[in-house]
Protein chains: 2
Amino acid sequence: MRLQDEAAALKGQNNVDDAETMLRTHNCKATAPRIAVLRALLRHGGALDIASLTKLAQSEVPEIHEATVYRTIGTLSDRGMVTHVHAGHGPSLVRLGGDHGLIALCRTCNRVTELPTATVERFILEAQEAIGFTLEPGHFALEGVCANCA
Amino acid sequence: MRLQDEAAALKGQNNVDDAETMLRTHNCKATAPRIAVLRALLRHGGALDIASLTKLAQSEVPEIHEATVYRTIGTLSDRGMVTHVHAGHGPSLVRLGGDHGLIALCRTCNRVTELPTATVERFILEAQEAIGFTLEPGHFALEGVCANCA
DNA sequence: ATATGTGCAAACGATTTGCAACCCT
DNA sequence: AGGGTTGCAAATCGTTTGCACATAT
């Protein structure tokens with residue numbers, strides 16, 4: 001099962017052990033801070049910066065430190081459970097799941113949109129053919145204005 | 001005349017006043033630090049981070065401070081003479097000229113490549129049609145592996 | 001029991017800002 | 001003369017790290 005699906009499957013349930021299970025499956029020690037961080041990501045669903053993620057996690061485990069969240073994201077990232085996206089100025093964003101496609105950041109509402117795989121792949125192919133450059137857009141966002149804000 | 005051309009035209013000559021002229025044309029006070037920064041950009045041609053740019057400029061005006069270079073880039077940017085590009089982790093890059101197309105950063109050699117306008121425009125159009133998102137990629141780079149490093 | 005994870009504070013790199021002195025125009 | 005510009009030092013923001021203590025297995 002892909003991690004996105006795994007996450008999606010767990011997201012509906014209210015079982016407190018979801019995150020814990022997920023951690024163990026991926027050979028991570030199931031500590032309270034990690035569980036809280038992962039649960040925050042599961043609950044929220046979208047992309048989050050570390051500061052917001054920390055606040056969310058702290059609603060379950062108040063003494064979690066931001067540094068711990070950074071380290072947690074680091075290990076979750078190593079295990080392929082989350083991905084980070086560079087977003088220009090601001091802090092980078094974190095989301096559940098392994099490598100995904102190309103992300104676009106709305107300059108107005110700051111929301112994250114995933115660009116359609118087909119479109120992105122055609123683009124990558126064209127860039128490859130045109131100048132031999134192999135785009136690997138996994139961790140870099142683009143900027144623009146989303147449908148809602150236009 | 002477009003700024004890129006303007007820059008290109010000046011770049012060949014060795015006239016010390018090139019940068020000075022360019023500054024005056026754009027209603028900037030022609031101070032020594034500004035001239036040095038602009039000349040460094042003209043000489044180098046490509047995209048530069050502030051630290052490198054400062055070092056280059058200091059070869060002409062040794063006492064220039066990095067903070068000054070940041071401020072100079074700010075004003076040049078306001079006047080449309082330079083553009084900055086966010087490049088993931090590292091510092092952002094600065095290059096001559098107004099808004100350009102989409103830039104790709106080689107993960108291996110760290111060099112900057114401009115993606116072909118036609119390709120990028122088709123991509124933007126497709127994203128627009130597919131999900132209504134209007135991409136404005138001016139200031140965000142993508143990542144990948146360039147033809148040389150592949 | 002041991003390796004691993006944690007909180008905290010301090011270091012870090014990139015960028016910005018307050019301020020007094022300075023220099024273009 | 002006058003206001004924008006500079007250098008410097010200090011503040012800021014996001015992120016990383018060293019260390020003594022706590023915890024999961």
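Each chain gets a letter, A, B and so on, in the order the sequences are listed, and its residues count up from 1. These numbers come from a predicted model, not from an experiment.
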What's the [atom1]-[atom2] distance between [X] and [N], to the nearest Å?
X       : N      : atom1 : atom2 : answer
B:Leu93 : C:dA14 : CG    : P     : 12 Å
B:Arg79 : D:dT5  : CZ    : C1'   : 12 Å
B:Asn27 : D:dG3  : CG    : P     : 18 Å
A:Ile73 : D:dT16 : CD1   : C1'   : 15 Å
A:Ile64 : C:dC8  : CD1   : C1'   : 15 Å
B:Leu23 : C:dT25 : CG    : C1'   : 14 Å
B:His89 : C:dC12 : NE2   : C1'   : 16 Å
B:Asp49 : C:dG13 : CG    : C1'   : 12 Å

Just the atom pairs and distances: protein N or O near nucleotides 16-24 of chain C's N or O, under 3.5 Å.
{"from": "C:dG18", "atom 1": "O6", "to": "B:Arg71", "atom 2": "NH1", "distance (Å)": "3.1"}

Practice problem: Evaluate the criterion salt bridge (charged side-chain N to carboxylate O under 4.0 Å, His left out) for residue pair B:Arg122 and B:Glu126; output intermediate values, then yes/no. | Solution: CA-CA 6 Å; B:Arg122 209 167 309 138; B:Glu126 278 191 43; over 6 Å; no
Quiz item: B:Leu38 and side-chain contact (heavy atoms from CB on, under 4.5 Å): which partner among B:Leu76, B:Asp18, B:Thr72?
Solution: B:Leu76
Exercise. Could you state whether B:Ile50 and B:Val82 fall into the same hydrophobic cluster, counting links through intermediate Ile, Leu, Val, Met, Phe, Trp or Tyr residues with side-chain heavy atoms under 4.5 angstrom apart?
Key: yes
Practice problem: Ignoring backbone atoms, test whether B:Thr68 places a side-chain nitrogen or oxygen under 4.0 Å from the OP1 or OP2 oxygen of D:dT5. | Solution: no
Quiz item: Taking only side-chain nitrogens and oxygens of B:Thr75, does any of them come within less than 4.0 Å of OP1 or OP2 of D:dT5?
Solution: no
Quiz prompt | Closest contact, heavy atoms only, A:Leu56 versus A:Arg43 | solution = O-NH2, 4.1 Å
Quiz item: Which heavy atom of A:Glu20 sits nearest a heavy atom of A:Ala30, and at what distance?
Solution: CG-CB, 3.6 Å
Quiz item: Of A:Val61 and B:Pro91, whose nearest nucleotide on DNA chain C comes first from the 5' end?
Solution: A:Val61
Quiz item: If you pin A:Thr72 and B:Ile50 to their nearest nucleotides in DNA chain C, which one's is more 5'?
Solution: A:Thr72
Self-check item: Minimum-distance nucleotide to A:Arg34 side chain [options: C:dG7, D:dT15, C:dG5]
Solution: C:dG5
Quiz item: Parallel under 30°, tilted from 30 to 60°, perpendicular over 60°: which one fits the rings of A:His84 and A:His139?
Solution: parallel
Practice problem: Linking directly or through intermediates, with side-chain heavy atoms under 4.5 Å: list the remaining ILVMFWY members grouped with B:Phe140, chain and number order. | Solution: A:Leu102, A:Leu115, A:Val120, A:Phe123, A:Ile124, A:Ile131, A:Phe133, A:Leu135, A:Phe140, A:Leu142, B:Leu102, B:Leu115, B:Val120, B:Phe123, B:Ile124, B:Ile131, B:Phe133, B:Leu135, B:Leu142
